[in-house]
Amino acid sequence: GALALLDCLPRAQDGLEATLTGWVRAEALRGLKRAPEALESVQRANVELAGAVRRDPTLREYLAIADYELGRTLALTDPSADRSAARTALNRALVLQRQLDAQNPEYAEYRLFLTKIFRELGRLPGGDAVAREDAAHQADELAAELSRRDPQRWEYQGL
């Protein structure tokens, strides 16, 4: 249903709108286990974002989300037990998101995506078990902090 709705909408404007629409499409495709199509959607969205950032450098904050979206999609498409490509993208996202969060600790949205990135790293099979456990622990701590900050916010439910 989500894909049908997206297909009925007018074409998204170039830039951030097209990027966000591409990520939503990828989310729907991941849910349907259509990983190759999801990867194509994420890659197109991330190319669109790169152009938008060149035109408006203030959009750089979305680059961490681009790597997050890429990493979680690669986790579905990478046939290796290690998922190294997904881990690389998620670690890039982690570095960028940590910087954003450190520079703006009052802005909950940065902390929300930091939690999501840690959660994905903790779920990713392969690699260092201690690093996965640490990522899961970091996600748990951040999720609890966000929930205390605003217990009614739906985005914090189930982090």
Side-chain angles (χ1 to χ4, degrees), residues 1-101 108-129 131-132 135-136 138-140 142-143 146 153-159:
L3 288 175
L5 179 61
L6 284 170
D7 290 339
C8 291
L9 294 174
R11 185 181 178 278
Q13 293 180 13
D14 291 343
L16 186 58
E17 184 178 315
T19 300
L20 297 173
T21 301
W23 291 341
V24 168
R25 178 177 292 284
E27 178 69 22
L29 290 165
R30 280 191 301 266
L32 294 170
K33 307 292 188 233
R34 291 166 52 182
E37 293 170 85
L39 181 59
E40 181 181 326
S41 184
V42 166
Q43 289 170 330
R44 263 184 294 166
N46 291 357
V47 166
E48 189 68 39
L49 179 62
V53 168
R54 279 192 300 277
R55 292 185 298 277
D56 181 0
T58 63
L59 296 176
R60 269 191 240 118
E61 68 181 329
Y62 289 94
L63 293 175
I65 299 172
D67 280 330
Y68 164 73
E69 291 292 339
L70 179 61
R72 55 197 296 244
T73 305
L74 286 171
L76 296 175
T77 60
D78 185 353
S80 75
D82 188 44
R83 308 287 199 288
S84 61
R87 185 171 289 100
T88 298
L90 288 168
N91 280 321
R92 266 193 325 261
L94 181 62
V95 168
L96 293 170
Q97 200 66 29
R98 275 183 164 160
Q99 290 171 351
L100 289 168
D101 183 59
E109 195 71 14
Y110 291 152
R111 184 93 15 115
L112 172 63
F113 271 93
L114 185 59
T115 306
K116 289 179 175 190
I117 294 164
F118 273 124
R119 186 70 68 214
E120 289 300 321
L121 283 166
R123 290 181 185 138
L124 203 58
D128 181 6
R132 280 195 322 274
Q138 291 281 341
D140 290 343
L142 290 169
L146 287 168
R153 188 167 170 192
W154 71 267
E155 291 97 330
Y156 302 163
Q157 310 291 318
L159 274 177

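These numbers were taken from a predicted model, which means no experiment stands behind them. Computed over heavy atoms, backbone and side chain alike; hydrogens, waters and symmetry mates excluded.
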Rounded distance (nearest 0.5 Å) linking atom [atom1] of [X] with atom [atom2] of [Y]:
X: Thr58; Y: Arg60; atom1: OG1; atom2: CZ; answer: 8.5 Å
X: Leu39; Y: Thr77; atom1: CG; atom2: OG1; answer: 5.0 Å
X: Glu120; Y: Thr115; atom1: CD; atom2: OG1; answer: 12.0 Å
X: Leu124; Y: Arg87; atom1: CG; atom2: CZ; answer: 4.5 Å
X: Ile65; Y: Glu109; atom1: CD1; atom2: CD; answer: 7.0 Å
X: Phe118; Y: Gln97; atom1: CZ; atom2: CD; answer: 10.5 Å

Checklist entry - Considering only heavy atoms from C-beta outward, does the side chain of Leu159 approach that of Leu112 to under 4.5 Å? => result yes
Item to check | Any Leu94 side-chain heavy atom under 4.5 Å of Leu114 side chain | outcome: yes
Might you point out which heavy atoms bring [X] and [Y] nearest each other, and give the distance in Å?
X: Ala64; Y: Ala93; answer: O-CB, 3.3 Å
X: Ala89; Y: Asp67; answer: O-CB, 3.3 Å
X: Ala85; Y: Leu74; answer: O-CD1, 3.8 Å
X: Gly71; Y: Leu90; answer: CA-CG, 3.9 Å
X: Ala135; Y: Gly122; answer: CB-N, 3.7 Å

Contacts of [X] that satisfy salt bridge (Lys or Arg N to Asp or Glu O under 4.0 Å) - sequence neighbours left out:
X: Arg132; answer: none
X: Arg44; answer: Glu40
X: Asp14; answer: Arg11
X: Arg30; answer: Glu27, Glu69

Please identify each residue that fulfils side chain to side chain contact (heavy atoms under 4.5 Å, CB included) with [X], with sequence neighbours left out.
X: Ala108; value: Leu146, Arg149, Arg153, Tyr156
X: Asp140; value: Arg119
X: Arg54; value: Ala50

Item to check | Contacts of type ring pair (Phe, Tyr, Trp, His ring centres under 6.0 Å), residue Tyr68, not counting sequence neighbours | outcome: Phe113
Checklist entry - How would you list, by chain and number, every residue that makes a ring pair (Phe, Tyr, Trp, His ring centres under 6.0 Å) with Tyr110, sequence neighbours excluded? => result Tyr107
Item to check | By side-chain hydrogen bond (donor to acceptor under 3.5 Å, both in side chains) - contacts of Asn91 (at least two apart) | outcome: none
Item to check | Residue list, side-chain hydrogen bond (donor to acceptor under 3.5 Å, both in side chains) with Glu37, at least two apart or on another chain | outcome: Arg34
Checklist entry - Looking only at atom types and distance, does a side-chain atom of Arg83 sit under 3.5 Å from a main-chain N or O of Ala75, one as donor and one as acceptor? => result yes
Checklist entry - Is it true that a side-chain atom of Arg72 and a backbone atom of Ile117 form a donor plus acceptor pair closer than 3.5 Å? => result no
Let me have the donor-acceptor pairs involving side chains of residues 16-26, under 3.5 Å, with sequence neighbours excluded, atom names and distances please.
residue	atom	partner	partner atom	Å
Glu17	OE2	Gln13	N	3.2
Thr19	OG1	Gly15	O	3.0
Thr19	OG1	Ala45	O	3.3
Thr19	OG1	Leu49	N	3.2
Thr21	OG1	Glu17	O	2.8
Trp23	NE1	Asn46	OD1	2.9
Arg25	NH1	Asp7	OD1	3.4
Arg25	NH2	Asp7	OD1	2.7

